[in-house]
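Scroll down for the structure; my scribbles are underneath it.
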Amino acid sequence: MKNNEPFYIEDIDIQAFQHDLITWFEHEQRSLPWREDQDPYKIWVSEIMLQQTRVDTVIPYFQRFIEQFPTIDALAEADEDKVLKAWEGLGYYSRVRNLHTAVKEVKEKYGGIVPNTPSLISKLKGVGPYTAGAILSIAYGLPEPAVDGNVMRVLSRILSIWDDIAKPASRKIFEAAVRELISHENPSYFNQALMELGALICTPTSPSCLLCPVREHCKAFYAGTVEQLPVKTKNKKNKKIQLIAAVLTDHKGNVLIRKRPDKGLLANMWEFPQVEKSSLIPSRRVLNDYLLEEYGLEVSLDTEHFAEINHVFTHLTWDIEVYKGMINSEVGETEELKLVPIKDLKNFAFPVSHQNIWKSYIKIAKGL
DNA sequence: AATACGTGGCG
DNA sequence: TCGCCAAGTAT
């Protein structure tokens with residue numbers, strides 16, 4: 001055993017480990033829509049969707065997305081608004097804007113063929129070390145590591161690695177481990193099996209060690225430390241932001257919506273106008289003044305808000321007071337500010353927070 | 001390195 | 001109710 005190694009791999013029977021892991025995967029893998037073929041584009045789309053997102057959530061999105069944008073060309077030629085709409089509700093919307101950018105680049109620079117080398121594929125927007133390895137191994141059969149949260153959890157237990165997996169630097173340790181362990185005969189199944197094992201057996205809490213196909217190779221199983229691994233430091237508490245929003249209609253029943261900035265939170269998504277609450281000035285007046293100053297809009301707002309929407313993001317919380325109002329002046333429509341018929345709202349991509357605002361509005365409008 | 005970036009499910 | 005989590009990446 002070497003003291004300068006971050007993990008001890010000498011007493012792992014690599015051949016047997018690969019065999020047990022891959023054989024298990026061949027029998028037990030779930031039937032998933034992105035496993036029907038090895039089209040690099042579909043693998044790519046699935047890997048982007050699956051970032052920080054559960055399989056059950058992704059499945060229907062993946063099916064609709066591929067139906068709507070079946071090929072690199074189809075996605076490359078689509079309008080961003082349609083692409084964002086297809087992603088509505090999935091979260092982390094930069095993922096799909098980066099994917100769109102990258103797909104256009106693949107069409108233009110690589111003739112529509114997803115590059116098959118680590119250096120070229122890693123240059124694509126939104127393709128980091130994990131996604132690069134996943135596409136290269138699953139679609140192209142190359143022996144590259146694809147280290148995600150599952151792989152770090154599984155390998156931290158098998159190899160008894162006590163580095164904090166919340167630290168970015170730790171990923172390199174696990175990549176080094178995968179380079180030692182990966183099957184060169186079937187890198188695709190090896191990587192997928194590691195992730196599938198993490199999803200089905202080697203779960204974060206109460207793992208099913210007695211059903212594990214590789215428990216004989218697992219240091220934590222023998223040491224009784226499975227429940228203590230992986231080491232992962234906690235997140236900080238998130239910030240709370242108080243907002244006031246307005247659902248504004250004209251006398252024809254059109255609704256006022258605006259597009260968010262093209263950077264940052266919920267970039268390029270649509271929303272009902274909203275502004276930060278003030279601790280000193282009454283909300284109704286803040287909203288009234290904001291609409292006048294920002295858009296030259298004269299409105300008559302209800303005396304009281306009709307809903308309060310609480311929305312929790314990963315790093316912050318929105319608490320939104322929502323007012324109804326009538327528009328009394330002309331609206332200067334732009335690319336970012338539109339007055340749209342209610343039946344057309346479904347064509348615009350809204351974050352879940354504002355979908356909930358609309359649901360509340362409909363309830364009130366129906367007199368419930 | 002640390003933080004921004006969504007959402008829904010679960011104990 | 002609430003923190004944690006789930007196939008990460010960009011800056």
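Here is the naming used below: chain letters follow the sequence lines, and residue numbers restart at 1 for every chain.
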5'-most contact on DNA chain C (nearest-nucleotide basis), A:G126 vs A:R30, goes to A:R30
5' priority, DNA chain C, between A:A132 and A:K232 [closest heavy atom]: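 Of the two residues, A:K232 wins.
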Just the rounded figure in Å: distance from [atom2] of [N] to [atom1] of [X].
X: A:N268; N: B:dC5; atom1: CG; atom2: P; value: 14 Å
X: A:L50; N: B:dT7; atom1: CG; atom2: C1'; value: 14 Å
X: A:I48; N: B:dC5; atom1: CD1; atom2: P; value: 19 Å
X: A:Q52; N: B:dC5; atom1: CD; atom2: C1'; value: 10 Å
X: A:M269; N: B:dA4; atom1: CE; atom2: C1'; value: 17 Å
X: A:Q51; N: B:dG6; atom1: CD; atom2: P; value: 13 Å
X: A:L99; N: B:dG6; atom1: CG; atom2: C1'; value: 17 Å
X: A:D262; N: B:dC5; atom1: CG; atom2: C1'; value: 15 Å

[X] side chain N/O closer than 4.0 Å to the phosphate oxygens (OP1, OP2) of [N]?
X: A:Y92; N: C:dA6; value: no
X: A:R153; N: C:dA6; value: yes
X: A:H315; N: B:dC5; value: yes

4.5 Å side-chain heavy-atom contact, A:F190 and A:F25: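 When only atoms from C-beta onward are counted, A:F25 and A:F190 do not touch, as no gap falls below 4.5 Å.
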4.5 Å side-chain heavy-atom contact, A:L265 and A:P351: no
Answer with base, sugar-phosphate or nothing: what part of the nucleic acid does [X] contact at a heavy-atom distance below 4.0 Å?
X: A:G264; value: sugar-phosphate
X: A:A169; value: sugar-phosphate
X: A:V58; value: nothing
X: A:S46; value: nothing
X: A:W318; value: nothing
X: A:V151; value: nothing
X: A:R260; value: nothing
X: A:T53; value: base

Is there a chain of hydrophobic side chains (I, L, V, M, F, W, Y, each step under 4.5 Å between heavy atoms) that links A:Y323 to A:I241?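 No, A:Y323 and A:I241 fall in different hydrophobic clusters.
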Linking I/L/V/M/F/W/Y whenever their side-chain heavy atoms sit closer than 4.5 Å, directly or via other members, would A:F306 and A:V275 fall into one cluster? no
Can you tell me how far [atom1] in [N] sits from the matching atom in [M], rounded to whole Å?
N: C:dA6; M: B:dC5; atom1: C1'; result: 15 Å
N: B:dT3; M: C:dC4; atom1: P; result: 15 Å
N: B:dG6; M: C:dT11; atom1: P; result: 14 Å

Looking at the side chain of [X], which of [options] is the nearest nucleotide?
X: A:R54; options: C:dC5, B:dG6, C:dT9; value: C:dC5
X: A:T131; options: C:dG8, C:dA10, B:dT7; value: C:dG8
X: A:P204; options: B:dG6, C:dC5, C:dG8; value: C:dC5
X: A:V352; options: B:dT7, C:dG8, B:dC5; value: B:dT7
X: A:P129; options: C:dT9, B:dT7, B:dC5; value: C:dT9

Does any donor atom in the side chain of A:Y130 or A:Q51 lie under 3.5 Å from an acceptor atom in the other side chain?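 There is no such pair (donor and acceptor under 3.5 Å, judged by atom type) between the side chains of A:Y130 and A:Q51.
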Checking side-chain polar atoms at under 3.5 Å, does A:D20 have a donor or acceptor matched by the opposite partner on A:H217?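 Yes.
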Which sits closer to the 5' end of DNA chain B, A:A166 or A:S94, going by the nucleotide each is nearest to?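 So the residue in question is A:A166.
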Comparing A:A267 with A:T205, nearest DNA chain B nucleotide closer to 5' gives the residue A:A267
ring-ring contact (aromatic ring centres under 6.0 Å, His included) with A:F350: of A:W358, A:F272, A:W270, only one passes, and it is A:F272
Under-3.5 Å donor-acceptor pair between A:T314 side chain and B:dG6 base: yes
